[in-house]
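Take a look at the structure set out below.
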There are 2 protein chains.
Amino acid sequence: MTLLSDSLETGITVAIDADGARSLATETRVDQVARHLRAAIVNGRLKPGDRIRQEAIAAELGTSRIPVREALRQLESEGLISLIPYSGARVARVDAEEYEEIYLMREHLEPLAIRESLPRLTARHFSEIHDLVAQIERTEDPTDVLDLDRRFHLLTYSAAARPRLLQMIEGFWNSTQQYRRVFYRLAGDRLISHSGNVSLTHMEHRLLVDALERRDADTADNIVRVHIRRTRLTLARYREVFD
Amino acid sequence: MTLLSDSLETGITVAIDADGARSLATETRVDQVARHLRAAIVNGRLKPGDRIRQEAIAAELGTSRIPVREALRQLESEGLISLIPYSGARVARVDAEEYEEIYLMREHLEPLAIRESLPRLTARHFSEIHDLVAQIERTEDPTDVLDLDRRFHLLTYSAAARPRLLQMIEGFWNSTQQYRRVFYRLAGDRLISHSGNVSLTHMEHRLLVDALERRDADTADNIVRVHIRRTRLTLARYREVFD
DNA sequence: TGGCGGCGTTCTGGATACAATATCCAATCC
DNA sequence: GGATTGGATATTGTATCCAGAACGCCGCCA
């Protein structure tokens, strides 16, 4: 069973809206199309290299091609697709080098995000965080774990009053989600294998939550940074992720 | 006399293309419109809050509104304009908080960029860099200095083989250029005032170039980071920049 | 047999035409 | 007199239509 079928509306922005006054800015069809495609790419229904025909998407969503085209421009800026003039749109391929680049940037930005978020986390956030951690620990399916893990981390950043920063970080996660999925299937045995009862991932989550609750910025910063760096370096051994 | 009238084609990407094989990807009108508007915003011909009417732009460039609309989507993703459904596009306003956010991110990303760029700088780069430094030192007009300074710094990063990183950094500079311009006019006296013959800015440039030529990554990193932080903190005293 | 060039199909890029929404102003009501 | 509502107008959002580029197919020829 796969969670988060289509609309994994689990972005940071949405998370922010959740406890604020939701900005009821009239949603145009362009936004709907963009959301639809973004979700399809992030959850893996559309795979890297897949061609995206405007007409097909338009028909699928019952609109004309115009909103589709605008949505494609937007997704290109987010790095999710690549747009080749007169040729078409394809789901962006991320090679080992770009993956490394993204992790480098994450390594420098996410510690900042956790520092900015940490002092602003409320009881509501922690309640959600604990729920997620518990849910992750009792979920078996690796794909589901991966999506929940994404939600968990974005949630820990979500209290930071830095919209641009959060948007970027969400973009990083989106761009790499499907590769992380492959990676997880390859290297996952090691990552998930329970020593005693708690996997490495679970342990990291608990340590991070603990640091957040103690408002211990330095420790939180370190956990985040080290985790990203370790993942980045580990990657070198799994180049086949990128076929 | 104002340099860089319209097309200050001084982006990092262009700088990169300069020494590589220029990707002759057929340029579509959307790109032309985007370039045109981007330049207009960065060089200050369009000011924060200014409304952008699709029809007007279309007429100005001799196209229909369709390419304009797609360009606007793109610029919105870059943070240069804000797009309100059924209301219109306006040049983005950056308030003190967002300005601070951008500088925070710059503080974390530009040292990374200089580190990645430093080992790859070639004689050609240095030649251009020296030219720019010299040109800056003999330029009087503050606006021109500012644009040249932008080119200088982007150039020092341009050797980094990290396209996403460079694009982000360029976006930061673009978003804030006009505010930096105001800031420079307000606080500029102090910044430009020559003690002896060399201003603070000039000194920083020389130190940075020296570190780059010595391939001294730590020093270069430090100069960049400290410069950005100092600017960020100084800002607190000039809130009137944001009207 | 294998490469190469013309031709048609398919799809994208852009223009034109129409629908929907916001904005502004005046008339109306309390 | 001030707030409110209704409509005219300007501008955006979307659909339809046309031109042109890319890609594949087929036959031709070395």
Side-chain angles (χ1 to χ4, degrees), chain A residues 21-41 45-93, chain B residues 21-41 45-93:
Chain A
R22 176 166 196 112
S23 69
L24 271 166
T26 27
E27 179 174 74
T28 177
R29 300 217 177 158
V30 178
D31 303 310
Q32 296 174 20
V33 176
R35 275 220 330 273
H36 176 81
L37 287 175
R38 194 180 296 117
I41 293 173
R45 215 183 65 217
L46 285 173
K47 293 190 172 49
D50 279 3
R51 185 162 183 195
I52 300 176
R53 283 193 309 281
Q54 301 174 359
E55 191 79 47
I57 305 300
E60 198 176 326
L61 301 186
T63 77
S64 80
R65 281 168 46 219
I66 300 295
V68 176
R69 291 176 47 176
E70 293 185 26
L72 290 178
R73 283 280 163 196
Q74 199 171 321
L75 295 179
E76 190 198 24
S77 303
E78 297 174 22
L80 287 180
I81 69 172
S82 68
L83 220 45
I84 298 164
Y86 298 107
S87 169
R90 290 179 178 278
V91 178
R93 285 184 187 285
Chain B
R22 177 167 194 110
S23 68
L24 270 166
T26 28
E27 178 173 73
T28 177
R29 303 219 173 153
V30 178
D31 302 312
Q32 296 175 21
V33 176
R35 276 220 328 273
H36 176 82
L37 288 174
R38 194 180 297 116
I41 293 173
R45 215 182 65 220
L46 285 173
K47 292 189 172 48
D50 279 3
R51 185 164 180 192
I52 301 175
R53 282 194 307 284
Q54 302 174 359
E55 193 81 48
I57 304 300
E60 196 176 328
L61 300 187
T63 77
S64 80
R65 281 167 45 218
I66 301 294
V68 176
R69 292 175 55 86
E70 293 185 27
L72 290 177
R73 285 279 163 195
Q74 200 171 321
L75 295 178
E76 190 198 24
S77 302
E78 297 175 22
L80 286 180
I81 69 171
S82 68
L83 220 45
I84 298 164
Y86 296 106
S87 168
R90 289 176 178 281
V91 178
R93 285 184 188 285

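All chains are named by letter (A, B, ...) in the order of the sequence lines, taking the proteins before the strands, and each is independently numbered beginning at 1. In this text, all values refer to a predicted model and were calculated from it rather than measured experimentally.
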### Task
Measure across B/L75 and B/A34 and return the closest heavy-atom pair with its distance rounded to 0.1 Å.
CD2-O, 4.1 Å
### Task
Going by the side chain to side chain contact (heavy atoms under 4.5 Å, CB included) test, name the single residue among B/E76, B/Q74, B/E78 that passes it with A/S77.
B/Q74
### Whole-Å distance separating the OH atom of B/Y86 from the P atom of C/dT21
5 Å
## Note on the structure
Minimal heavy-atom distance between A/A58 and A/S64, with the atoms involved, is CB-O, 3.5 Å
### Message
Below 4.0 Å from chain A heavy atoms, what is the first contacting nucleotide of DNA chain D and what is the last?
### Response
D/dG13 to D/dC23
### Task
Look up atom CZ in A/R38 and atom CZ in A/R35, then write down how far apart they are to the nearest 0.5 Å.
8.5 Å
### Query
Contacts to DNA chain C from residues 66-73 of chain B, heavy-atom cutoff under 4.0 Å, which residues?
B/I66, B/P67
### Message
Taking donor-acceptor contacts at under 3.5 Å, does the side chain of B/R65 reach the base of C/dG14?
### Response
no
#### Entry: From B/L72, B/D50, B/L46, B/L37, residue fulfilling side chain to side chain contact (heavy atoms under 4.5 Å, CB included) relative to B/I81
B/L72
## Note on the structure
Note: A/P67 and A/R29 closest approach over all heavy atoms is CB-CB, 4.2 Å
#### Entry: For A/V33, the option from A/I66, A/L61, A/T28 that meets side chain to side chain contact (heavy atoms under 4.5 Å, CB included)
A/L61
### Nearest-Å distance for atom pair CD/C1', residues A/E27 and C/dT21
16 Å
### Query
Of the non-hydrogen atoms in A/R73 and B/D31, which two are nearest, and what is the gap between them?
NH1-OD1, 4.0 Å
### Contact residues, residues 49-63 of chain A to DNA chain D [heavy atom, < 4.0 Å]
A/T63
### Query
In Å, rounded to the nearest 0.5 Å, how long is the span from CD of A/Q54 to CZ of A/R69?
5.5 Å
### Between CZ on residue B/R90 and CZ on residue B/R53, distance to nearest 0.5 Å
10.0 Å
